[in-house]
Amino acid sequence: MKILVTGGAGYIGSHTAVELLKAGYEITIVDNLSNSSIDVIDSIKEITNKDFNFYELDVKDEDKLNEVFVKENIEAVIHFAAFKAVGESVEKPLKYYENNLENTISLLKVMQKNNIKKIIFSSSACVYGDPEELPIKETAKLTTTNPYGATKHMIERILKDVYKAETDLSVIILRYFNPIGSDSSYKIGENPKGIPNNLMPFIVRVANREIDHLNIFGDDYDTKDGTGVRDYIHVTDLAIGHIKALEKANKDIGIFVYNLGTGTGYSVLEMVKTFEKVNNVKVPYEITKRRDGDIAACYADPSLAKEELGWVATKTLEDMCYDSYQYIINRK
Ligand code: UFG
């Protein structure tokens, strides 16, 4: 089966491409390389020893995208391509609305034109905003606190409306919690340009002495030790979740939403301590004030994905901390 992976040179996209190829799917990747590098495409081929076509294009370009669908005989789509920096989305909301919404609409139109019925969409736990109840179930109220999150919420809404109008589709929405870690080859991983915004890419750079110390944003939250609590999930577990979603889309028509998380929340201090222990390194930190827009705690109830997809996260926090660091060390 031939799968189109949009944003397949990105962090989650590249790991999913690897798992798809390992599972015997054929793939085509499209990516505009706005936040990724062509080297990732070579790395995916090296890791899997498999070949595929890559097109450097913007999903917003309907004509070029249509050519890819026709030429490659695409049968299903996994849609990752999007801007994803929360802070930047607050500063440049139009950039986010324009890119993330326009490219999804373009993709859905081209799918329609080519009679393609299966799509898996990369959503985010940020659609839950500041959750009222923990762990978070898929039925929780949706509310977002920044333009990036709003685009994910809006795309979910668009997909629901498109499904209502075209009821023979299989639409699977995956809400990711906090992906970290790297493929065990350490040839692909998370490597943001500039100073990282997210916790794990920041920790690895401090451990690697590229940055002096970590700022922990607040220790006065109502959590186990006062620091923020999140559901960190190994990116390979997350990638495998897409294979399970694809199996579901091949079997059932409808629109389905799943949380992909471990179900366990860890605090920032627990992350630092585990990282130091597993990698035998120091991560100096300072407690600073809370970051605007942050919430105290966010972790999934992943039981629906277990029941309906047969998916569970298997990697431990130790695995995640180890693999995140190995990728950075091997990158040198
Ligand atoms: N944190 C620090 N210092 C840092 C970076 C982060 O203390 O330098 C803390 C945050 O305050 C938070 C935790 O580490 O408590 C995790 O922060 P991240 O920035 O890594 O992740 P967020 O949960 O804030 O957001 C991430 C993604 C979003 C996504 C969301 C889903 O950035 O795109 O997870 O839950 F929507």
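Numbering of ligands and ligand atoms starts at 1, following listing order. Not measured: the values here are computed from a predicted model.
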Measure Thr227 to ligand 1 on non-hydrogen atoms and call it side chain, backbone, both or neither using the 4.0 Å cut-off.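 None of Thr227 does.
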
Purely on distance, is any nitrogen or oxygen of Phe177 under 3.5 Å from one on ligand 1?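 Between Phe177 and ligand 1, no N or O pair is found under 3.5 Å apart.
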
Can you name the side-chain hydrogen bond (donor to acceptor under 3.5 Å, both in side chains) partners of Tyr221, sequence neighbours left out?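 Checked Tyr221 against side-chain hydrogen bond (donor to acceptor under 3.5 Å, both in side chains); zero matches.
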
Which residue and non-hydrogen atom of the protein lie closest to atom 3 (N) of ligand 1, and at what distance in Å?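 It is Asn215 O, 2.8 Å.
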
Under 3.5 Å, is there a donor-acceptor pair between the side chain of Thr223 and the main chain of Thr227? yes

Would you list the atom pairs, donor with acceptor, under 3.5 Å between side chains in residues 183-196 and any protein atom, with sequence neighbours excluded?
from: Asp183; atom 1: OD2; to: Ser185; atom 2: N; distance (Å): 3.0
from: Asp183; atom 1: OD2; to: Ser185; atom 2: OG; distance (Å): 2.5
from: Ser185; atom 1: OG; to: Lys187; atom 2: N; distance (Å): 3.2
from: Tyr186; atom 1: OH; to: Asp323; atom 2: OD1; distance (Å): 2.7
from: Lys187; atom 1: NZ; to: Glu46; atom 2: OE1; distance (Å): 3.4
from: Asn191; atom 1: OD1; to: Arg205; atom 2: NH2; distance (Å): 3.1
from: Asn191; atom 1: OD1; to: Arg331; atom 2: NH1; distance (Å): 3.4

Atom 35 (O) of ligand 1: nearest protein contact (heavy atom, Å): Asn178 OD1, 3.3 Å

Atom 28 (C) of ligand 1: which protein heavy atom is closest, and how many Å away?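 Going by distance alone, atom 28 (C) of ligand 1 is nearest to Val86 CG2, 4.0 Å.
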
Considering only protein heavy atoms, which is closest to atom 9 (C) of ligand 1, and at what distance to one decimal place? Val268 CG2, 3.7 Å

Please work out, at 4.0 Å between heavy atoms, whether the side chain, the backbone, both, or neither of Leu199 comes within that distance of ligand 1. both

Give me the residue, atom name and distance of the protein heavy atom closest to atom 4 (C) of ligand 1. Phe217 CE1, 3.3 Å

N or O pair under 3.5 Å between Asp294 and ligand 1: yes

Closest approach of Ile136 to Asn259 (non-hydrogen atoms, all atoms of both residues):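 Scanning both residues completely, I find the closest heavy atoms to be O-ND2, 2.8 Å.
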
Could you say whether the N/O atoms of Ser124 and ligand 1 ever approach to under 3.5 Å? no

Minimum heavy-atom separation for Val40 and Ser14, please, with both atom names. CG1-CB, 3.6 Å

With heavy atoms only and a cut-off of under 4.0 Å, state how Asn197 meets ligand 1: side chain, backbone, both or neither.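 The part of Asn197 near ligand 1 is the backbone, not the side chain.
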
Nearest protein heavy atom to atom 27 (C) of ligand 1, by residue and atom, and its distance?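 For this ligand atom, the closest protein heavy atom is Asn198 ND2, 3.7 Å.
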
Apply the ring pair (Phe, Tyr, Trp, His ring centres under 6.0 Å) test between His242 and each candidate in Tyr25, Tyr258, Trp311, Tyr176; give the one that qualifies.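 Going through the options one by one, the only one that passes is Tyr176.
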
So Tyr11 and His15, would you call those rings parallel, tilted or perpendicular, with 30° and 60° as cut-offs? perpendicular

Per-atom contacts, ligand 1 versus Tyr148 - under 4.0 Å to a heavy atom: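 Per the distance check, 33 (O), 36 (F).
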
Give the residue, atom name and distance (to 0.1 Å) of the protein heavy atom nearest atom 12 (C) of ligand 1.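 That would be Arg230 NH2, 3.6 Å.
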
Could you tell me which atoms of ligand 1, counted from 1 in the order shown, lie closer than 4.0 angstrom to a heavy atom of Ile216?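 Under 4.0 Å from Ile216, ligand 1 has these atoms: 7 (O).
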
Please identify which atoms of ligand 1 are closer than 4.0 Å to at least one heavy atom of Arg291. 10 (C), 17 (O), 18 (P), 19 (O), 24 (O)

Nearest heavy-atom contact between Phe121 and Glu156 is CE2-CG, 4.3 Å

Check if Tyr299 has a non-hydrogen atom at a distance under 4.0 Å from any atom of ligand 1.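 Tyr299: no contact with ligand 1 (<4.0 Å).
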
Single-linkage hydrophobic cluster Ile120~Ile105, side-chain heavy atoms < 4.5 angstrom: no

Tell me which protein heavy atom sits closest to atom 13 (C) of ligand 1, plus the residue, atom name and distance to 0.1 Å. Tyr232 OH, 3.6 Å

Below 30° counts as parallel, above 60° as perpendicular, anything between as tilted: where do the rings of Tyr148 and Tyr96 land?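 Rings of Tyr148 and Tyr96: perpendicular, as their planes differ by over 60°.
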
Under 4.0 Å from one or more heavy atoms of Ala125, ligand 1 contributes atoms 31 (C), 35 (O)

If you group Ile, Leu, Val, Met, Phe, Trp and Tyr by side-chain heavy-atom gaps below 4.5 Å, do Phe202 and Tyr325 land in one group? yes

Ignoring hydrogens and geometry beyond distance, is a side-chain donor-acceptor pair present between Asp231 and Thr264 at under 3.5 Å? no

